[in-house]
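Letters A, B, ... are given to chains in the order of the sequence lines, protein chains preceding strands, and every chain is numbered from 1. Bear in mind the structure is a predicted one, so any value in this text is a computation, not a measurement.
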Amino acid sequence: MAKTLVIVESPAKAKTIEKYLGKDYQVESSIGHIRDLPNSASEVPEQFKQKPWASLGIDVEHDFKPLYVVPSEKKKHVAKLKALVKEAREVVLATDDDREGESIAWHLFQELKPKVPVKRMVFHEITPEAIRNAIQHPRQIDENLVHAQEARRVLDRLYGYEVSPVLWRKVAPKLSAGRVQSVATRLLVERERERMRFRSAEFWSLEGLFRTLKEEGFTAALIEVGGVRLATGKDFDALTGELKPDAKVVLLKQADAEQLLQRLKAAQFTVISTEERPFTQKPYAPFITSSLQQEGSRKLGFNAQRTMRTAQRLYENGYITYMRTDSTTLSKEAMEAARKQVRQMYGDEYLHPTPRTYDKKAKNAQEAHEAIRPAGSRFRTPQEVRGELSDDEFKLYDLIWKRTVASQMADARGRRMQVRLQGLDAIFSASGKTIDFPGFLRAYVEGSDDPEAALEDREVILPPMQKGDSVRVKDMRTREHHTQPPARYTEASLVQALEAAGIGRPSTYASIISTIQDRGYVFKRGTALIPTWTAFATQALLENHFSRLVDYNFTARMEEDLDEIAGGRKEHVPYLQDFYFGDEGLKSQIQTQMDQIDPRAISLIPVPALVGSEIEVRLGKFGAYMKKGEVSATLPNDIAPDELTLQQAEELLSKGGDEGILGQDPVTGQDVVAKAGRYGPYVQMGEKTASLFPTDSLSAMTLERAMQLLTIPRLVGTLDGEEVWAMNGRYGPYLKKGKDNRTLPGHESLFTVTVEQAQALFAAPKSRMGQSAAPLKIFEYPDRTPIQVKVGRFGPYLTDGENNAYLRNGEDAHSLTAEKTRELMAERGKPPKARAGKATKKAAPSKTSKTSKTSGKAPAKAASKAAPKTVAKPAGETQKAEWKDLKSHLNVLSDTERQLIVALREENKKAEDVAPELGLEVKKAKGMMLQISKKLQEAWRKAVSA
DNA sequence: CAGTGAGCGAGCTTCCGCTTGACTT
């Protein structure tokens with residue numbers, strides 16, 4: 001008899017549920033989402049590749065219809081599910097009861113296309129009772145909730161895939177922007193900016209060791225002198241380091257404190273007030289993902305990833321409930337188990353009289369799961385499972401067990417005491433705390449490893465005193481204080497901040513931190529997260545030009561809209577339409593900002609410590625550097641932005657910066673200088689210059705290396721009566737023999753190439769990439785032309801003379817088989833790009849020619865398959881841009897270049913006149929013009945082909 | 001703004017949120 005197929009999200013969950021449901025049911029898992037938007041062009045099916053929206057994976061012109069694909073690593077699993085569906089009596093989609101879960105259910109339905117009845121069931125705890133109850137009360141898929149998820153997905157894709165390219169063009173390639181990561185980075189950058197602006201203040205205080213008449217000791221601190229309160233940290237302005245103007249306080253400098261000490265240490269002190277207030281403290285809520293990560297960090301020293309990896313293993317092996325949750329709720333069985341254990345281990349007195357429940361505290365919590373707790377209806381104690389677990393697992397289980405049990409324990413009760421003493425015109429204060437009944441603190445103290453020790457720490461016991469008692473000064477000393485800048489975020493506190501703002505989800509907290517580290521926005525020092533200069537430049541761009549997108553409330557507002565969509569009160573397509581195509585929409589924003597953003601301005605990073613010093617910090621192609629006039633110096637990678645002081649900057653620059661004298665030639669005594677030139681970094685000695693190799697950097701340049709570089713050009717020997725020179729040119733290393741030349745395989749071979757090797761190179765015909773280069777391999781087929789595997793400029797590729805196909809990263813040219821090669825060719829083979837003005841005649845009017853319907857006279861070459869991305873506007877017969885075309889790309893130029901070209905082209909001035917105005921020699925200005933022309937042409941060509 | 005021998009198969013990078021395995025040494 002056919003079974004009912006139940007599909008959940010997680011395999012571990014499937015196993016458990018199958019036990020509860022019995023033999024009429026088969027339980028399988030989807031293993032998360034089964035379909036998604038294509039990640040990159042390689043995942044886009046062939047028929048959509050030509051669409052203008054192919055890279056987005058969303059047909060923005062037609063109701064933002066998403067293109068969903070089953071990612072290749074999921075195909076096998078989906079096929080397996082399909083097969084199971086065919087044999088099933090009915091299908092129950094039991095994915096999580098939240099937005100993403102509803103979406104997974106819908107995708108399963110769409111993709112598996114069941115012909116048998118389909119139901120949707122949900123549950124919030126995995127107990128036999130809850131599961132049986134859930135399966136008896138099925139419902140249908142909630143389309144509105146699915147739409148809300150789709151809107152979320154599409155919005156995130158549009159944001160990420162439209163804004164990231166702006167960063168590539170204006171800041172650096174491979175950077176990224178996104179609704180979550182950009183705000184996470186912003187938090188870090190803003191905090192660092194606060195630290196950079198922070199001015200520390202120094203203040204002093206007094207601390208006294210006192211004795212009662214019964215010779216019982218205690219300490220008290222000065223709080224008031226002459227009727228005025230003593231200044232504390234919060235009385236200072238963080239930006240100036242001065243007292244806030246309205247602060248009515250006494251500020252003690254060191255001398256004041258010492259003077260006061262002399263005056264007070266012999267004074268007579270009397271108790272002027274005593275106060276005692278009872279207090280109670282409630283236990284913390286059971287763990288959710290974010291609090292588990294925080295406590296994992298504070299108590300165990302685990303980072304977010306380690307905590308989650310460990311929790312995952314505990315979950316899979318049945319020790320704890322699901323670890324990605326935002327709900328603090330305990331199921332009934334968990335509640336009972338916890339309470340029973342409290343009674344057994346600590347006694348009735350320690351049990352809270354009624355079951356405790358905790359309010360949800362996370363913004364946008366979806367509460368599809370329980371809190372994180374020991375699994376089952378009877379909790380196994382840490383001691384019981386000790387032998388079965390690894391060290392990490394045991395520590396984390398112990399933590400979870402304690403927190404869960406503590407959550408049902410009684411309040412802690414105690415008293416807080418405060419005593420004030422007066423001597424002359426000074427008032428001292430002492431506080432104490434006594435815990436009368438520890439309650440839950442016996443099991444769990446937040447942030448501490450050992451509850452018993454922490455309990456003792458918490459008690460500061462004051463001897464009994466009464467108003468009017470005299471006390472004696474045993475000792476008194478001055479104490480120095482400095483105000484501290486706001487602390488840097490740690491993984492744990494960043495997660496906490498994101499969660500408080502409703503940004504990110506339990507399943508993503510750990511990966512958010514990885515992402516911003518991978519992109520080079522953040523690095524870690526100990527547990528502190530430090531934003532990089534790249535993060536500063538990126539944030540400046542986003543804040544100045546896309547402020548709405550990095551607003552801390554952006555996600556919260558989105559969530560409100562998604563709730564409206566989920567509730568059926570709002571439609572998702574108009575919502576996206578407005579976000580993308582609206583007057584203030586993303587698309588128009590990007591179009592206008594792409595022109596307005598000045599990369600030079602963005603690369604300049606304001607540093608408060610350097611204001612007025614003529615030193616500027618910029619983000620360049622190879623990282624951050626400082627510049628003062630003509631001198632520049634690379635900023636070390638491990639220096640935090642708030643640590644860069646004027647003194648340190650001057651020091652780095654005074655070493656000559658990157659452009660400095662490295663030393664003298666031991667033979668001639670001539671200076672050897674490192675410089676940054678128009679064509680990149682180089683070293684110079686007298687008249688002789690040599691470019692650095694790509695592996696060198698100015699900041700790491702030494703005299704020895706410079707001397708070695710200066711041996712190039714090197715006379716290799718003589719061949720056929722002509723000298724052979726090893727040279728480093730515009731296109732890289734090469735050999736020169738008279739008018740003949742050959743490219744060398746690598747820069748280092750400039751030093752090592754021998755006459756024999758040179759002879760071999762010149763004996764072979766001039767290497768022309770892709771034409772005469774020897775193939776690595778040739779595969780022959782009975783039914784098609786042979787395919788060659790070659791190595792070119794960009795790495796290995798395949799060619800059969802007509803079509804070429806590239807290999808992806810990870811595809812090894814040497815291990816290709818004939819069959820694999822044929823497949824790759826069929827899949828990716830394309831005719832080589834026709835060169836400008838040399839269009840092939842055989843380009844048949846293909847489907848792509850339809851795109852040029854707007855221009856009736858479009859030449860065949862523009863529509864040829866070789867240049868499928870040609871825009872409707874023909875680029876002109878000669879492919880040459882006019883000034884008006886080039887003008888919009890002025891942002892690729894430096895300030896001087898821009899001023900020069902504008903003066904010449906717009907104001908019709910002569911180079912001879914403009915050069916002096918810009919402080920240039922006429923010859924240099926003319927040289928610059930060549931560069932300018934090249935840069936503009938290149939930018940224009942890129943824009944046209946994009 | 002050092003000073004230099006050509007001609008050439010590129011495509012891709014990126015988002016957020018669900019969830020686990022995995023080429024072999």
Side-chain angles (χ1 to χ4, degrees), chain A residues 9-13 29-34 36-37 39-42 55-56 73-74 77 95-96 98-101 103-104 107 149 152-165 167-168 173-182 312 316 324 504-508 511-512 515 519 630 675-680 682-684 687-691 713 725 727-732 734-737 739-743 766-771 790 792-795 797-799 803-806 808-810 828 830-833 835 894 896-897 920-921 923-925 927-928 931:
Chain A
E9 286 182 40
S10 148
K13 205 189 267 184
S29 64
S30 71
I31 324 183
H33 275 292
I34 57 154
D36 192 13
L37 300 174
N39 237 328
S40 62
S42 61
S55 62
L56 283 176
E73 69 270 18
K74 274 286 171 70
H77 188 67
T95 48
D96 294 351
D98 57 18
R99 207 159 59 207
E100 298 296 327
S103 170
I104 293 174
H107 279 292
Q149 190 277 346
R152 199 278 307 154
R153 181 70 190 90
V154 168
L155 183 144
D156 280 333
R157 169 54 66 91
L158 293 172
Y159 183 149
Y161 274 38
E162 292 283 25
V163 180
S164 297
L167 298 178
W168 304 342
K174 298 193 179 177
L175 294 180
S176 62
R179 174 175 58 83
V180 171
Q181 59 168 288
S182 293
Q312 172 96 24
E316 283 170 4
R324 291 186 276 262
R505 305 275 316 133
S507 65
T508 61
S511 63
I512 293 166
T515 301
R519 299 281 169 276
E630 291 299 300
K675 289 185 165 182
R678 180 158 39 131
Y679 309 115
Y682 66 102
V683 288
Q684 186 171 35
E687 292 287 293
K688 215 160 180 255
T689 63
S691 280
W725 288 84
M727 304 179 77
N728 189 13
R730 187 143 69 104
Y731 310 109
Y734 67 103
L735 286 174
K736 182 181 170 70
K737 185 185 80 165
K739 291 201 168 163
D740 206 3
N741 50 58
R742 294 289 184 278
T743 296
K766 209 169 210 170
S767 157
R768 280 207 184 160
M769 289 297 181
Q771 285 182 26
K790 290 187 168 185
R793 274 187 302 163
F794 309 119
Y797 68 103
L798 311 175
T799 179
N803 288 322
N804 294 336
Y806 62 94
R808 291 213 181 94
N809 266 355
R828 299 179 204 153
K830 275 187 190 168
K833 214 178 208 173
R835 290 183 57 209
S894 72
T896 317
E897 287 172 336
L920 296 169
E921 286 173 33
K923 207 177 99 188
K924 285 182 182 175
M928 269 174 97
Q931 289 299 119

Below the 4.0 Å mark, does [N] have OP1 or OP2 next to a side-chain nitrogen or oxygen of [X]?
{"X": "A/Thr95", "N": "B/dC18", "value": "no"}
{"X": "A/Arg324", "N": "B/dT20", "value": "yes"}
{"X": "A/Thr508", "N": "B/dG17", "value": "yes"}
{"X": "A/Ser40", "N": "B/dC12", "value": "no"}
{"X": "A/Arg179", "N": "B/dT14", "value": "no"}
{"X": "A/Ser507", "N": "B/dC18", "value": "yes"}

Rounded distance (Å) that lies between atom [atom2] of [N] and atom [atom1] of [X]:
{"X": "A/Arg505", "N": "B/dC15", "atom1": "CZ", "atom2": "C1'", "result": "17 Å"}
{"X": "A/Gln149", "N": "B/dG17", "atom1": "CD", "atom2": "P", "result": "10 Å"}
{"X": "A/Asn804", "N": "B/dC8", "atom1": "CG", "atom2": "C1'", "result": "12 Å"}
{"X": "A/Ile31", "N": "B/dG21", "atom1": "CD1", "atom2": "C1'", "result": "8 Å"}
{"X": "A/Glu73", "N": "B/dT20", "atom1": "CD", "atom2": "P", "result": "15 Å"}
{"X": "A/Tyr797", "N": "B/dC8", "atom1": "OH", "atom2": "P", "result": "11 Å"}
{"X": "A/Gln684", "N": "B/dT4", "atom1": "CD", "atom2": "P", "result": "14 Å"}
{"X": "A/Glu162", "N": "B/dT13", "atom1": "CD", "atom2": "C1'", "result": "14 Å"}

[X] side chain, from C-beta outward: closest of [options]:
{"X": "A/His33", "options": "B/dT13, B/dT20, B/dC18", "answer": "B/dC18"}
{"X": "A/Ser164", "options": "B/dT20, B/dG9, B/dC15", "answer": "B/dC15"}
{"X": "A/Thr515", "options": "B/dC12, B/dC15, B/dG9", "answer": "B/dC15"}
{"X": "A/Asp156", "options": "B/dT14, B/dC18, B/dC16", "answer": "B/dC16"}
{"X": "A/Gln181", "options": "B/dG21, B/dT14, B/dC18", "answer": "B/dT14"}
{"X": "A/Glu9", "options": "B/dT20, B/dC18, B/dC15", "answer": "B/dC18"}

With nearest nucleotides of DNA chain B determined for A/Gly160 and A/Lys74 from heavy-atom distances, which residue corresponds to the more 5′ nucleotide? A/Gly160
Nearest nucleotide by nearest heavy atom, which residue falls closer to the 5' end of DNA chain B, A/Ser42 or A/Ala690? A/Ala690
Looking across every strand, which nucleic acid part, if any, lies under 4.0 Å from [X] by heavy atom: base, sugar-phosphate, or nothing?
{"X": "A/Gly101", "result": "nothing"}
{"X": "A/Gln312", "result": "sugar-phosphate"}
{"X": "A/Ala805", "result": "nothing"}
{"X": "A/Gly32", "result": "base"}
{"X": "A/Tyr161", "result": "base"}
{"X": "A/Leu175", "result": "sugar-phosphate"}
{"X": "A/Ser30", "result": "nothing"}
{"X": "A/Asn728", "result": "base"}

Would one find more than 12 heavy atoms of other residues, nucleotides or ligands at under 6.0 Å from atom CD of A/Glu73? yes
So do [Y] and [X] actually touch side chain to side chain, heavy atoms under 4.5 Å?
{"X": "A/Ile104", "Y": "A/Gln149", "value": "no"}
{"X": "A/Lys13", "Y": "A/Asp96", "value": "yes"}
{"X": "A/Ser29", "Y": "A/Ser10", "value": "no"}

Could one point to a donor on the side chain of [X] or the base of [N] with an acceptor on the other under 3.5 Å away?
{"X": "A/Arg153", "N": "B/dC15", "value": "yes"}
{"X": "A/Asn39", "N": "B/dC15", "value": "yes"}
{"X": "A/Arg152", "N": "B/dC16", "value": "yes"}

Nearest-0.5 Å distance that lies between atom NE2 in A/His77 and atom CD1 in A/Ile31: 3.5 Å
Test applied, side chain to side chain donor-acceptor pair (under 3.5 Å); reference residue, A/Glu100; option that passes from A/His33, A/Arg505, A/Arg153: A/His33
Identify whether a stacking contact exists between A/Tyr682 and B/dA2, where the ring centres must be under 5.5 Å apart and the planes under 30° apart. yes
Kindly confirm whether the side-chain ring of A/Trp168 is stacked on the base of B/dT13, judged by centres under 5.5 Å and planes under 30°. yes
In what stems does DNA chain B take part, counting only runs of at least 3 consecutive Watson-Crick or G-U pairs whose two distances fall under 3.5 Å? none
Taking the side chain from [X] and the backbone from [Y], do they hold a donor-acceptor pair closer than 3.5 Å?
{"X": "A/Trp725", "Y": "A/Leu735", "result": "no"}
{"X": "A/Ser164", "Y": "A/Ala177", "result": "yes"}
{"X": "A/Ser511", "Y": "A/Thr508", "result": "yes"}

Does A/Arg157 come within less than 4.0 Å of A/Asp36, counting only side-chain N to carboxylate O? no
